[in-house]
Protein chains: 2
Amino acid sequence: MKATINDVAKQAGVSIKTVSRVINNEISVRQLTREKVQKAVEELNYQPNLAARNLAGAKSFSIAYIYDNPNAYYIIDMQEGILSACKQQGFELLIHPCDAKNKNITEEVVNMVKHARIAGLILTPPLSEMPEFVKSLVALDVKVVRIMSGDVAPDDLSPCVMVNDRDAAQTITQHLIDLGHTDIGFIAGDAKHMSTVERYKGYRRALKESNIDFDKKLVIEGEYSFDSGVSGAKQLMSTESNNTRPTAIFSCNDEIAAGALFAARLMNISIPEQLSIVGFENSPFSRQTWPKLTTADQPNNQIAGDAANLLISQVRKQKNQTTISQYVPKLIIRDSTAKC
Amino acid sequence: MKATINDVAKQAGVSIKTVSRVINNEISVRQLTREKVQKAVEELNYQPNLAARNLAGAKSFSIAYIYDNPNAYYIIDMQEGILSACKQQGFELLIHPCDAKNKNITEEVVNMVKHARIAGLILTPPLSEMPEFVKSLVALDVKVVRIMSGDVAPDDLSPCVMVNDRDAAQTITQHLIDLGHTDIGFIAGDAKHMSTVERYKGYRRALKESNIDFDKKLVIEGEYSFDSGVSGAKQLMSTESNNTRPTAIFSCNDEIAAGALFAARLMNISIPEQLSIVGFENSPFSRQTWPKLTTADQPNNQIAGDAANLLISQVRKQKNQTTISQYVPKLIIRDSTAKC
DNA sequence: TTAAAAATTGACAGCGCTGTCAATTGTTAT
DNA sequence: ATAACAATTGACAGCGCTGTCAATTTTTAA
């Protein structure tokens, strides 16, 4: 039923080793032979047995996606991007959810890698931003690719796919400025996350480039949560507070923005008439809030596919891809922002 | 470094075959021997090599989770539930996203199963509710477990884990009735989904048991989407329409409910004062709407783990578990419902 | 034209495990 | 105590593939 390498060899009239060479894209096979084999492969609809390859060879054809779960939408998008790259390249994907706050996480993952014969790992924030964790993994016999926030890799522990949150945040803030806002609040996400830091930098840069004075009181420390958005917005908009009341709020992600929206509703502040709010991430629910959120979108699927391909080419020891891809999230204007 | 079965055999002073017997939980091993082996396994922290097991034996230690993507939260929860069951049982999980609307889906999945040497499949709605698709899979040499909406399995194609949406919907509707509502609108999800049908049945049953006349005009056909909630609620609440204006709306899921909330906002109807709205699913964002949604929660993680364990025991040919587990989603009262 | 070097191909062992079947040990009934 | 049986154990082949290395063919150089 299912064709083996033997069947292909017979059909092509060569040895199984030659078939093996062809399917592994090795160089020393004559063009003619290669074609014969490829024809046989097609005819028999042959697909190499992953278990056997993994068992026999020194190489492994499995990579793993290790994630902590900040956001189901993000994970699913990433996962599907990685999955389709894997399928295309004949790799197998192991999914490994874990908890970044767990003290033993390094041990846990190191163990998994050792036991599962894994060739490479893909890490997303917050795991990709834990230097000690990453170091421990790089020290093992696996390749690592990280998806991170920033414009350039912070170190050379591993190749990275960078998401330029800074530029995107600047664009968003500029959008607010273009609408006439000058008092723009900022509700931060978890301070430990690079994305928060980067978005903050972009916000600051936009203000600076437009010569708007920076007011520290307009910056609220928070975390990536709805509740943080609620309390942040309350704090910013409270009439008792002695700071300037902002006319716009930059929320570090959509969840915070949704919280801010919620708070505004509580305080009878109408959006966007009295207050503009922007989010970040373009989560599905950002289209389902009232009003719909202006936000920034990043092609997670594609980013993940990129990372997976980068990783696989590392594993294959093909040219040591030094090119680091960078993505800049794109502004999406919806209904939560308006002229001042 | 990594211990093999050979190391264990030496350490325990038995043959590798005996070790194999112990790790596979076969019967004919003397208790004393079994203990010796188990001790060695522990000492060496031995974990069997999955690739080798899959290659050597007739059995396979891989199962697959096939899903169409209705909802990232749902998928992630399910996936993690399955994953942890797999880890516990020493199985490997293949993830296979696909598109239920794709004509070739059966061929695609059948192909995957054939090529990947998979022992079993877990199916969630809508895939689990496509009889022809399921039949094609059952016809292959794999076990199948479905997660479905209903109280009993609709057929005996495969064991099922049932989610009793009907009873849950009745409870939710009853909650509305208890609050004094009698004109209760219903915005349906995709009519093809069993969950829609079941929730509708529960709604009808609650009305009937409280002797409330059923008004067909209060039922809006829709789909599981935000937009459907918007238009459904508009239709129900429009003053021009010649039907009774409901004082409460049962939305078939949270997304629809969010849409209904949105529409109410558009129409200046205050929730829950002028209109109560309930959702279903307890999506994370149901806590982040204004006001927070009353909804129904189901333990997806646990349901998935159940399904995975059921599948694995099928695969292992352990007692042909005829017990079908049933879960009833639980009412969660929040702020979108109030007295009439 | 022929020897030497290079390119191409294949034979064979073995990855870590399980299935088969035969050898050994223990148990029961006589 | 011993034959007859059952329970337990192990030897060995082989799953489908890759690594090693040697055999063969082709190319190059003299």
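Convention: sequence-line order gives letters A, B, ...; per-chain numbering from 1.
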Atom-pair distance ([atom1] on [X]; [atom2] on [N]), nearest Å:
| X | N | atom1 | atom2 | value |
| --- | --- | --- | --- | --- |
| A/Ile16 | C/dG14 | CD1 | P | 15 Å |
| A/Leu55 | C/dT18 | CG | C1' | 12 Å |
| A/Leu32 | C/dA7 | CG | C1' | 15 Å |
| B/Tyr46 | C/dG16 | OH | P | 10 Å |
| B/Asn49 | C/dT18 | CG | P | 10 Å |

Heavy atoms only, 4.0 Å cut-off, all strands: where does [X] land among base, sugar-phosphate and nothing?
| X | answer |
| --- | --- |
| B/Ser28 | base |
| A/Asn24 | sugar-phosphate |
| B/Ala58 | sugar-phosphate |

By ring pair (Phe, Tyr, Trp, His ring centres under 6.0 Å) - contacts of A/His96 (at least two apart):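 For A/His96, no residue satisfies ring pair (Phe, Tyr, Trp, His ring centres under 6.0 Å) once neighbours in sequence are set aside.
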
Residue from A/Ile95, A/Val113, A/Leu121 passing side-chain contact (heavy atoms from CB on, under 4.5 Å) with A/Ile66: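 Going through A/Ile95, A/Val113, A/Leu121 one by one, the side-chain contact (heavy atoms from CB on, under 4.5 Å) with A/Ile66 is satisfied by A/Leu121 alone.
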
side-chain contact (heavy atoms from CB on, under 4.5 Å) partner of A/Val134, the single match among A/Asp155, A/Thr106, A/Leu157, A/Leu127: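 Only match with A/Val134 under side-chain contact (heavy atoms from CB on, under 4.5 Å): A/Leu157.
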
Given DNA chain D, 5'-ward residue of the pair B/Thr33 and A/Ser20, judged by closest heavy atom: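 Closer to the 5' end of DNA chain D: B/Thr33.
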
Earlier contact from the 5' end, DNA chain D, for B/Arg34 and B/Gly57: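 Comparing both residues, the 5'-ward one is B/Arg34.
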
Give every pair of a protein N or O atom and an N or O atom of nucleotides 20-29 of chain D that lie under 3.5 Å apart, one pair per line with the distance.
none

For residues [X] and [Y], is any side-chain donor paired with an opposing acceptor at under 3.5 Å?
| X | Y | value |
| --- | --- | --- |
| A/Asp306 | A/Tyr327 | yes |
| B/Tyr73 | B/Asn300 | no |
| B/Tyr65 | B/Thr124 | yes |

